[in-house]
Every structure is written in C-alpha cells, then in structure tokens.
Participant: 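Questions regarding the structure given below will be posed in turn.
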Amino acid sequence: MSRLLHRDTVPPVPAAELTAGSADGSRIHVELHGPEDAPAVVLAHGWTCNTRFWDAQIRDLAADHRVIAYDQRGHGLTPEPGPGGYSTNALADDLEAVLAATLAPGRRAVLAGHSMGGMTVMAAAARPGLREHAAAVLLCSTGSTRLAAEARVLPLRAGALRTRITTAVLGAKAPLGPVNPVSRKILKYATMGPGSAPDRVDACARIVHACPRRARVEWGHVLAELDLAAGVRELRVPTAVIAGTDDRLTPPVHARAIAAALPVGLGLTELAGIGHMTPVEAPEAVTAKIRELVTRYVATGAAAERKTATAEKEDVA
C-alpha cells in the first residue's frame with residue numbers, strides 16, 4: 001500500500017511550527033518534525049508544490065531525524081511576496097532565513113531540494129548561511145539553465161518553436177481548474193512516469209492545483225529565464241543528484257550536466273521509468289539517499305558533539 005494514501009486527510013503532524021523572516025520582510029512558513037537534537041534534514045519543495053509534497057520523507061525520517069520543511073514564498077502557508085519578490089535571489093534569501101531560524105550556529109544538516117527547491121540550493125550556493133549549515137546536498141529532478149529549451153512536455157521537435165511555446169506555458173495565466181480525471185491525466189503526462197500509481201498521481205494533482213495562480217505564473221516566468229550554472233560551480237559541499245529517466249520537465253540531460261559540473265559531486269542516480277516528481281513517485285529511493293547522506297556527513301559529527309557535551313557536563317559535575 002502506498003505511503004501517500006490519505007495524505008490530504010492525515011498529514012504528518014509537526015512537532016513545532018515557526019515563521020522565518022526573509023531579507024525583504026517576507027514571512028516563510030516552516031514546519032519542524034522529529035526530535036530536536038537528532039541529525040537535521042532541510043527539505044525545499046518545487047514549483048507549485050508545498051510541504052505536503054515531502055510527506056513520505058517526513059513520515060520516515062522524523063522518527064530519528066530533525067526534519068525541517070518549509071513553504072516557498074507564495075506556496076502553501078507562505079504568503080505571496082510584494083512587488084519584485086519573485087527571483088532566485090529571493091529563493092536564496094528565504095533558504096538562508098530558514099537555516100538561521102532553525103539551526104544553531106555551526107549546526108549542519110543535509111539539504112534536499114526538488115525541482116525549484118534544488119534551484120534554491122544552487123542559488124544560495126555561495127551564501128554564508130548555506131556554507132555554514134550544509135553538510136551535504138541532494139538535488140532531485142532539477143536543472144540549472146535552459147529549462148524551456150530542454151523540456152519535453154510538448155510533443156514537438158526540439159527547437160525555437162518548442163522553446164517559445166514552452167516558455168508561454170510556464171507563464172500561462174489560465175486557471176488549472178478542479179482535480180478530475182482529465183486534469184489528473186494531464187498532470188501525469190507532464191510530470192510523472194507512465195507507471196505512477198493512481199493515488200500518487202492524485203496526491204500530486206491536489207498539491208499542484210492548490211498552488212495560488214499568481215505564484216505559479218510569477219515563478220513560471222523566473223524558471224523560463226533561469227541561469228544558475230554559476231551556482232552549480234559554487235556548490236562546494238558533497239552533493240548527490242537524483243533524476244527520473246522519464247522526466248519531461250527537467251529531463252536527465254540537466255542532472256547529467258549538474259553532476260559533471262559539481263565541485264564535490266557524489267554521482268547521479270537515474271531512476272528508470274520515473275518522472276519529475278521523484279520524492280512522490282519513488283519515495284523509498286529518495287529517502288534512502290537522504291539517510292545515506294545523513295549517515296555519512298551529519299550523524300557522525302552529531303554523535304561526536306553529543307559525546308563532547310556529555311563529557312563536559314561530567315567534568316563540571
């Protein structure tokens with residue numbers, strides 16, 4: 001049985017919630033799950049999604065991790081920003097604000113970003129906040145540049161015409177309408193692999209259709225013009241990449257280019273038959289990779305810190 005059954009009616013219950021203040025005054029909604037002193041994981045969702053996109057990871061990891069998930073600006077419970085509030089710099093500001101609000105100085109975490117969440121991490125690659133707090137990174141189903149040119153959502157030959165139409169689709173103002181068999185079929189074709197389970201398609205459809213139209217449109221414009229190639233080269237922490245072989249939005253050509261350009265790359269995992277929504281379509285694979293990164297780059301350090309703290313208390317006693 002899928003872990004995502006009933007996700008809309010019984011989402012993971014946060015241990016705590018808070019609001020992080022970003023550089024431009026935007027208020028970012030943050031959820032905290034799991035033990036406060038456990039190894040930390042920060043989850044950044046993608047375009048048109050929200051924290052519910054990570055439900056499978058949160059349910060699994062929160063048993064023995066401090067899981068920090070937040071709504072990107074304009075998504076979920078994070079309000080839409082004011083004029084000029086949609087940019088990759090704003091995404092980086094928000095991530096730094098979340099890290100500062102949830103992690104003590106010097107505390108390190110695994111950062112996992114899906115799609116626009118991965119772009120957020122790349123945008124923040126040179127920021128002091130990321131370099132202080134990121135022990136390792138997982139980039140899921142994302143790209144750094146040429147998104148409209150490489151997308152295969154439209155059944156057209158690659159070229160200027162397909163790029164122009166894809167750019168128009170990314171910024172389309174038409175409402176998505178209700179979730180129904182037709183809209184689920186369209187979303188599955190555009191964003192998921194052909195073998196995706198119906199309940200997982202429905203879960204993704206409900207999340208995407210809940211995104212406010214303005215946020216969808218404004219971020220669509222940003223994505224159409226995206227260029228974060230320099231951010232990839234600045235991401236100087238151990239970084240793993242995951243992509244679905246059937247991803248039409250950010251085809252594997254992006255993941256391969258990112259993996260090849262990373263200063264401290266840990267390799268690329270390509271998931272056969274999986275589309276763009278990897279954390280929902282292949283939750284076990286994504287969660288396992290996060291756990292692997294935590295074990296290798298965070299848990300050992302956290303255990304050493306706890307041992308030192310215990311020794312210091314005993315010395316005082």
Side-chain angles (χ1 to χ4, degrees), residues 1-8 45-50 52-57 60 112-118 138-143 146-159 161-163 165-166 168-170 172 174 176-211 216 220 223 240-259 268-290:
M1 180 178 291
S2 167
R3 291 183 180 187
L4 298 181
L5 290 174
H6 313 307
R7 63 184 288 159
D8 291 319
H45 69 74
W47 180 47
T48 72
C49 296
N50 56 54
R52 296 283 65 77
F53 188 79
W54 296 106
D55 276 1
Q57 285 71 42
D60 189 305
H114 170 260
S115 191
M116 194 173 81
L138 176 61
L139 300 175
C140 300
S141 309
T142 192
R146 291 178 52 81
L147 298 188
E150 299 290 355
R152 301 200 307 258
V153 174
L154 299 173
L156 300 172
R157 182 185 305 176
L161 176 62
R162 190 181 75 177
T163 300
I165 298 176
T166 301
V169 170
L170 288 172
L176 295 182
V179 175
N180 57 39
V182 173
S183 63
R184 280 192 289 266
K185 185 174 182 179
I186 292 171
L187 179 129
K188 179 180 178 180
Y189 169 80
T191 70
M192 305 181 78
S196 298
D199 63 295
R200 297 185 179 189
V201 175
D202 184 70
C204 282
R206 294 186 184 283
I207 290 170
V208 171
H209 281 242
C211 179
R216 172 170 55 83
L223 298 182
V241 184
I242 282 183
T245 61
D246 288 10
D247 187 342
R248 298 178 190 272
L249 279 178
T250 53
V253 62
H254 293 294
R256 293 166 191 156
I258 290 171
L268 165 63
T269 301
E270 295 193 29
L271 303 175
I274 300 299
H276 183 67
M277 303 299 209
T278 42
V280 174
E281 294 181 74
E284 296 83 3
V286 172
T287 303
K289 182 59 70 172
I290 294 173

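Residues: numbered from 1 along the sequence shown.
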Participant: Can you list the residues that meet the side chain to side chain donor-acceptor pair (under 3.5 Å) rule with T191, with sequence neighbours excluded?
Facilitator: none
Participant: Are the side chains of H45 and I207 in contact, using a 4.5 Å heavy-atom criterion?
Facilitator: no
Participant: How far apart are the closest heavy atoms of S196 and V201, and which atoms are they?
Facilitator: CB-CG2, 3.8 Å
Participant: Return the minimal non-hydrogen interatomic distance between T278 and G244, and the atom names on each side.
Facilitator: CG2-N, 4.0 Å
Participant: With rounding to the nearest 0.5 Å, note down the distance linking CG in L138 to OG1 in T269.
Facilitator: 8.5 Å
Participant: What's the spacing between T245 OG1 and L271 CG if we round to 0.5 Å?
Facilitator: 8.0 Å
Participant: What pairs with H276 under ring pair (Phe, Tyr, Trp, His ring centres under 6.0 Å), at least two apart in sequence or on another chain?
Facilitator: H114
Participant: Taking all non-hydrogen atoms of both residues into account, name the closest pair between A205 and V179 and its distance.
Facilitator: O-CG2, 3.8 Å
Participant: For the pair S141 (side chain) and S115 (backbone), establish whether a donor and an acceptor sit closer than 3.5 Å, ignoring hydrogens and angles.
Facilitator: no
Participant: Got a second to check how far E284's CD is from Q57's CD, nearest 0.5 Å?
Facilitator: 9.0 Å
Participant: Compare every heavy atom of P252 with every heavy atom of E270, then report the nearest pair and how far apart it is.
Facilitator: OE1-CB, 4.1 Å
Participant: Determine whether M277 and V208 satisfy the following criterion, side chain to side chain contact (heavy atoms under 4.5 Å, CB included), listing intermediate values before the conclusion.
Facilitator: CA-CA 11 Å; M277 303 299 209; V208 171; 4.0 Å; yes
Participant: For a side-chain contact (heavy atoms from CB on, under 4.5 Å) with T250, tell me which candidate from T142, L147, I258 qualifies.
Facilitator: L147
Participant: Heavy atoms only: give me the nearest P251-R152 pair and the separation to one decimal.
Facilitator: CB-NH1, 3.2 Å
Participant: Measure the NE2-CD distance between H254 and E150 for me, rounded to the nearest 0.5 Å.
Facilitator: 5.0 Å
Participant: Return the minimal non-hydrogen interatomic distance between V280 and C204, and the atom names on each side.
Facilitator: CG1-SG, 3.6 Å
Participant: List for me each residue that meets side chain to side chain donor-acceptor pair (under 3.5 Å) alongside S183, sequence neighbours excluded, and say none if there are none.
Facilitator: N180
Participant: Any sub-3.5 Å donor-acceptor pair from R216's side-chain atoms to A172's backbone N or O?
Facilitator: yes
Participant: Return the set of residues passing side chain to side chain donor-acceptor pair (under 3.5 Å) with T166 (not counting sequence neighbours), or none when no residue passes.
Facilitator: none
Participant: How long is the gap from CD1 on I242 to CG on L139, to the nearest 0.5 Å?
Facilitator: 10.0 Å
Participant: Could you pull out all residues at least two apart from R184 that satisfy side chain to side chain donor-acceptor pair (under 3.5 Å)?
Facilitator: D202
Participant: Among D55, T287, V286, whose side-chain contact (heavy atoms from CB on, under 4.5 Å) with D60 holds?
Facilitator: T287
Participant: Quick one: list whatever passes side-chain contact (heavy atoms from CB on, under 4.5 Å) with V153, sequence neighbours left out.
Facilitator: A190, R248, L249
Participant: Any side-chain to backbone donor/acceptor pair from E281 onto G275? Under 3.5 Å, distance only.
Facilitator: yes
